[in-house]
Number of protein chains: 2
Amino acid sequence: MLSYTEENYLKAIYHLSDSGTKAVLTSEIAETMNTKAASVTDMIKKLSNKNLIAYEKYYGVKITKQGRHEALMVVRKHRLWETFLVQKLQFSWDEVHDVAEQLEHIQSSLLIEKLDEFLEFPTVDPHGHPIPDKSGKIVEVRQIPLSECSGKKKIIVRSVKHGSPSFLQYLSKIGVYIGASVSILDKVEFDGSLEIMIDSKKKVFISREAAQNLLVTE
Amino acid sequence: MLSYTEENYLKAIYHLSDSGTKAVLTSEIAETMNTKAASVTDMIKKLSNKNLIAYEKYYGVKITKQGRHEALMVVRKHRLWETFLVQKLQFSWDEVHDVAEQLEHIQSSLLIEKLDEFLEFPTVDPHGHPIPDKSGKIVEVRQIPLSECSGKKKIIVRSVKHGSPSFLQYLSKIGVYIGASVSILDKVEFDGSLEIMIDSKKKVFISREAAQNLLVTE
DNA sequence: ATATTTTTTTAGACTAATCTAAATTTTTAT
DNA sequence: ATAAAAATTTAGATTAGTCTAAAAAAATAT
Ligand SMILES: [Mn+2]
Ligand SMILES: [Mn+2]
Ligand SMILES: [Mn+2]
Ligand SMILES: [Mn+2]
């Protein structure tokens with residue numbers, strides 16, 4: 001069984017590797033885990049000895065099949081708990097991350113299966129991120145940043161790329177939510193900002209950074 | 001803030017001290033925590049330095065006002081989570097303890113207040129144990145072991161003294177639950193066992209040990 | 001192609017929580 | 001009252017996870 005810390009490292013490596021596809025550098029892990037490179041090297045060796053990652057000295061790590069599965073189970077728990085907090089306890093979507101960061105480490109398969117059932121088997125979390133099923137299957141729907149859309153097509157907001165509390169609060173403030181329907185009214189040449197229409201009733205300007213962080217389907 | 005381990009020790013000391021009234025010996029703590037006396041001595045010093053317990057060398061510890069409050073907050077979380085597991089996730093009362101043992105350490109006052117509200121401010125947990133409120137107030141209703149009851153009065157089962165899974169499963173099997181109404185039909189002189197009537201419809205014999213572990217009001 | 005800079009690893013140290021074995025204190029028995 | 005037994009504390013190690021500083025390797029710049 002993995003320790004609390006091992007789970008956190010493995011999950012970070014999973015996310016940094018684009019869901020397990022590419023190699024991850026020691027410095028990247030240190031950055032996201034808020035630790036020093038020396039500490040990362042130690043942990044890397046531990047995870048490597050457990051065959052959760054493949055480690056080549058000086059060239060970073062790649063997550064193994066087994067490691068990806070373990071990471072997905074942590075992601076599953078994180079996203080199910082976030083869904084619970086929002087849907088059942090009335091948390092707002094910007095309040096759930098830190099609590100889920102703790103809850104994801106509770107060890108009980110019975111608990112997580114019952115929670116999944118209680119929530120009626122949700123497929124995405126409050127930020128639009130897919131929830132892996134109990135076998136680790138995850139349905140990644142192809143999404144593009146709003147900043148790369150053009151024309152007058154109907155666009156649906158599907159998820160946020162990075163869900164920092166301040167960004168999420170900003171979205172709530174301007175009326176953007178997962179599932180919202182938007183259309184692009186104008187693209188400002190000067191700074192890449194967009195004028196958008198939300199749900200056919202509200203016009204707002206959003207910055208290029210904001211548009212890059214909103215993932216949508218056309 | 002207390003560590004996971006400090007919280008567990010403090011809660012154990014609280015329970016061993018009869019809700020904070022009497023002194024607790026090193027060996028008792030070691031016994032319930034499944035650790036060695038030497039480890040307990042180390043932890044005792046830590047908790048004493050934080051003024052959560054008063055420690056007198058070789059004579060055990062007494063919980064302080066502050067320590068009692070901290071312990072009650074852990075007990076509150078434990079019992080609210082148990083209530084959630086049974087009432088919302090359909091756990092049975094013999095399955096909840098180990099999971100609650102983990103969940104009680106989640107740090108988020110928002111979470112626990114919202115959970116309390118979601119459960120509609122329960123006053124007792126699935127084992128009949130009182131749930132402290134957010135200020136640490138706990139309503140201890142006077143209860144006596146069924147083994148000390150006599151006569152034909154109406155008796156209500158209020159809680160279990162020790163809720164081991166096997167005892168709880170046994171109770172479910174014979175139809176005893178928190179709130180059940182029982183009456184004593186006969187007391188066997190030989191071994192102290194009782195013949196009881198449950199909910200005016202089911203007669204069973206229970207051992208003296210079982211009767212001593214069932215707390216009731218007359 | 002070499003030298004400089006950056007990244008990574010190693011070495012050695014620290015804290016929290018645990019242990020075993022030895023020393024000390026208290027309790028119990030004679 | 002003294003000796004034996006039991007409980008407790010201390011001393012010294014160990015493991016997980018972290019750090020700083022030094023050494024080694026890789027990447028970059030001239
Ligand atoms: Mn976490
Ligand atoms: Mn999320
Ligand atoms: Mn616990
Ligand atoms: Mn309980």
Side-chain angles (χ1 to χ4, degrees), chain A residues 1-17 22-63 67 70-71 74 98 101-102 104-107, chain B residues 1-17 22-63 67 70-71 74 98 101-102 104-107:
Chain A
M1 217 179 60
L2 299 182
S3 73
Y4 191 104
T5 310
E6 287 171 331
E7 287 190 341
N8 280 335
Y9 271 92
L10 197 59
K11 183 172 63 125
I13 293 168
Y14 169 79
H15 287 311
L16 286 168
S17 69
K22 61 175 222 206
V24 181
L25 302 178
T26 301
S27 50
E28 297 177 292
I29 301 171
E31 169 77 23
T32 55
M33 296 295 294
N34 283 303
T35 55
K36 302 294 168 173
S39 308
V40 173
T41 301
D42 284 346
M43 180 54 76
I44 273 176
K45 287 177 185 166
K46 272 182 67 181
L47 294 175
S48 180
N49 285 335
K50 294 189 178 188
N51 289 307
L52 299 166
I53 57 179
Y55 171 43
E56 213 186 331
K57 248 185 173 181
Y58 291 102
Y59 291 92
V61 300
K62 282 191 75 171
I63 203 158
E70 292 289 342
V74 180
D98 291 351
E101 205 54 48
Q102 298 177 60
E104 71 189 2
H105 303 289
I106 303 291
Q107 304 286 353
Chain B
M1 216 180 60
L2 299 182
S3 73
Y4 192 103
T5 311
E6 288 170 330
E7 287 190 340
N8 280 335
Y9 270 92
L10 197 58
K11 184 173 62 125
I13 293 168
Y14 169 78
H15 287 310
L16 286 169
S17 69
K22 61 175 223 207
V24 181
L25 301 178
T26 301
S27 51
E28 297 177 292
I29 301 171
E31 168 77 23
T32 55
M33 297 295 293
N34 282 304
T35 55
K36 301 295 167 173
S39 308
V40 173
T41 301
D42 283 346
M43 180 53 77
I44 272 176
K45 287 177 185 166
K46 272 182 67 182
L47 294 175
S48 180
N49 286 335
K50 294 189 178 188
N51 289 307
L52 299 166
I53 56 178
Y55 171 43
E56 214 186 330
K57 248 183 173 182
Y58 292 101
Y59 291 91
V61 300
K62 283 190 75 170
I63 203 158
E70 293 288 343
V74 180
D98 292 351
E101 205 54 49
Q102 298 177 61
E104 70 189 2
H105 303 288
I106 303 292
Q107 303 285 352

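The basis for the numbers below is simple: all heavy atoms, side chains too, and nothing from hydrogens, waters or symmetry mates. Per chain, numbering begins at 1; letters A, B, ... match sequence-line order.
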| note | Atom CD of E56(B) and atom P of dT9(D) are separated, to the nearest Å, by 11 Å
| query | Roughly, in whole Å, what's the span from CG in D42(B) to C1' in dT8(D)? | reply | 12 Å
| field | Euclidean distance, atom NZ of residue K50(A) to atom C1' of dA16(D) [Å, nearest integer] | value | 10 Å
| 5'-most by nearest nucleotide on DNA chain D - S3(A) or T41(B) | T41(B)
| field | Value in whole Å for how far the P atom of dT8(D) lies from CE of M43(B) | value | 17 Å
| remark: Rounded to whole Å, CD of E6(A) lies from P of dT18(D) at a distance of 10 Å
| By side chain to side chain donor-acceptor pair (under 3.5 Å), which residues pair with K50(B), not counting sequence neighbours? | E6(B)
| request: Can you sort out which residues in residues 26-40 of chain A have a heavy atom within less than 4.0 Å of DNA chain C? Ascending by number, please. | output: T26(A), S27(A), A37(A), A38(A)
| task | Identify, with sequence neighbours excluded, every residue that meets salt bridge (charged side-chain N to carboxylate O under 4.0 Å, His left out) alongside K11(B). | result | E101(B), E104(B)
| note | On a heavy-atom basis, the closest approach of E7(B) and L2(B) is CG-CB, 3.8 Å
| query | Hey, does I63(A) have a side-chain heavy atom less than 4.5 Å from the side chain of V24(A)? | reply | no
| task | Check ring-ring contact (aromatic ring centres under 6.0 Å, His included) between Y4(A) and all other residues, then give those that pass, not counting sequence neighbours. | result | H105(A)
| field | Separation of T5(A) OG1 from L47(A) CG (nearest 0.5 Å) | value | 10.0 Å
| message | Can you list everything that forms a side chain to side chain contact (heavy atoms under 4.5 Å, CB included) with K57(A)? Sequence neighbours excluded, please. | response | Y55(A)
| query | What integer distance in Å separates Y9(A):OH from dA16(D):P? | reply | 14 Å
| Tell me: NZ of K45(A) to P of dA16(D), nearest whole Å? | 14 Å
| said: Base, sugar-phosphate or nothing for Y4(A)? Non-hydrogen atoms, less than 4.0 Å. | reply: nothing
| query | Between atom CG in L25(A) and atom P in dT6(C), what is the gap in whole Å? | reply | 16 Å
Any N/O pairs under 3.5 Å between the protein and nucleotides 24-27 of chain D? List them or say none.
unit_1, atom_1, unit_2, atom_2, d
dA25(D), O4', Y58(A), OH, 3.4

| Is the shortest side-chain N/O distance from Y55(A) to OP1 or OP2 of dT9(C) below 4.0 Å? | yes
| field | Atom pair CD1 (I13(B)) and CG (L52(B)), whose distance is rounded to the nearest 0.5 Å | value | 9.0 Å
Under 3.5 Å donor-acceptor pairs involving side-chain atoms of residues 29-39 of chain A, not counting sequence neighbours:
unit_1, atom_1, unit_2, atom_2, d
T32(A), OG1, E28(A), O, 3.3
T32(A), OG1, I29(A), O, 3.3
T35(A), OG1, Y9(A), OH, 3.4

